[in-house]
Amino acid sequence: MDLLIVVFVFVSVFIIVQKSLVSFFRHPRHLHKKSRKFISFDDLMALFIVYSIIILGFGAIYFSLLMVGIPVLMESGTPVNGSYAELTEVVSYFSAVTLLSVGYGDITPIGIGRWISIIEALVGYLLPAAFVLSTVVETEWKSD
């Protein structure tokens, strides 16, 4: 039963993150803009929402693995544990730091958590590049 819950969380998070990324990059932002600005407030809010969804999604994966007893994170040399509130704080922090930077090293992934954090870090590095590229291509397309 625990494995079924973890699989459900993985699949759900994958679908939600994938749909939010696809909708963000397929959203016809150029139809709403009258100016030639590279980025608008709407674009920034959409990017903030996409990043939030990714952070919460990966945090849910780490949390579900911890809840079924699979150690995926260590803090100060011991596996992360605690109440639901403490675990929510730890996995959200770790997910945000992994997505937005190279990490601080205070919480480290172990086991399957390493592979999950690699995927999250890769998304964190590719998303800004993809956003800038799509914005430049969109601006070039509008100027033609």
Side-chain angles (χ1 to χ4, degrees), residues 1-33 35 37-142:
M1 184 65 172
D2 290 340
L3 183 60
L4 185 62
I5 292 170
V6 171
V7 170
F8 175 75
V9 170
F10 270 92
V11 171
S12 299
V13 166
F14 176 78
I15 290 170
I16 291 169
V17 168
Q18 186 264 344
K19 293 281 186 192
S20 67
L21 289 172
V22 167
S23 69
F24 177 73
F25 286 108
R26 286 194 180 161
H27 178 69
R29 294 185 303 265
H30 64 278
L31 297 177
H32 303 294
K33 292 183 183 176
S35 69
K37 289 193 252 180
F38 275 108
I39 190 166
S40 69
F41 179 74
D42 292 341
D43 292 339
L44 284 175
M45 287 308 298
L47 197 57
F48 176 78
I49 290 168
V50 168
Y51 269 107
S52 298
I53 289 170
I54 294 170
I55 288 168
L56 292 173
F58 277 95
I61 290 172
Y62 298 124
F63 187 85
S64 67
L65 289 169
L66 289 169
M67 286 293 96
V68 297
I70 300 172
V72 290
L73 301 175
M74 290 184 74
E75 187 173 16
S76 302
T78 60
V80 170
N81 57 18
S83 68
Y84 291 131
E86 292 168 340
L87 287 177
T88 301
E89 178 187 355
V90 168
V91 298
S92 298
Y93 165 78
F94 178 76
S95 182
V97 168
T98 301
L99 184 69
L100 301 172
S101 69
V102 275
Y104 295 121
D106 54 344
I107 300 173
T108 56
I110 57 173
I112 189 72
R114 289 180 176 177
W115 293 102
I116 297 168
S117 64
I118 288 171
I119 293 167
E120 185 177 10
L122 184 62
V123 170
Y125 284 119
L126 293 178
L127 189 58
F131 176 71
V132 169
L133 183 63
S134 71
T135 302
V136 169
V137 168
E138 177 182 305
T139 303
E140 290 296 318
W141 179 75
K142 282 178 27 179

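Heavy-atom basis, side chains included; hydrogens, waters and symmetry copies ignored.
The number of heavy atoms from other shown groups lying within 6.0 Å of CD (Glu89) does not exceed 12.
Distance check: Thr108 OG1 to Met74 CE gives 6.0 Å after rounding to the nearest 0.5 Å.
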- Under the side chain to side chain contact (heavy atoms under 4.5 Å, CB included) criterion, do Val72 and Ile61 qualify, and how do the steps go? CA-CA 10 Å; Val72 290; Ile61 290 172; over 6 Å; no

Side-chain donor-acceptor pairs of residues 90-105 under 3.5 Å, sequence neighbours excluded:
residue: Ser92; atom: OG; partner: Thr88; partner atom: O; Å: 2.8
residue: Tyr93; atom: OH; partner: Asp106; partner atom: OD1; Å: 3.3
residue: Tyr93; atom: OH; partner: Asp106; partner atom: OD2; Å: 2.8
residue: Ser95; atom: OG; partner: Ile55; partner atom: O; Å: 2.9
residue: Ser95; atom: OG; partner: Glu120; partner atom: OE2; Å: 2.5
residue: Thr98; atom: OG1; partner: Phe94; partner atom: O; Å: 2.7
residue: Ser101; atom: OG; partner: Val97; partner atom: O; Å: 2.9
residue: Ser101; atom: OG; partner: Gly103; partner atom: N; Å: 3.1

Can you give me every donor-acceptor pair (side chain of residues 109-119, partner residue at least two apart or in another chain, under 3.5 Å) with its distance?
residue: Arg114; atom: NE; partner: Pro109; partner atom: O; Å: 3.4
residue: Ser117; atom: OG; partner: Gly113; partner atom: O; Å: 3.1
residue: Ser117; atom: OG; partner: Arg114; partner atom: O; Å: 2.8

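Within the 4.5 Å cutoff, the side chain of Met67 has heavy atoms near those of the Leu87 side chain. Annotation: side chain of Ile16 is in contact with side chain of Ile53 (closest heavy-atom distance under 4.5 Å).
With sequence neighbours left out, the ring-ring contact (aromatic ring centres under 6.0 Å, His included) criterion links Phe58 to no other residue.
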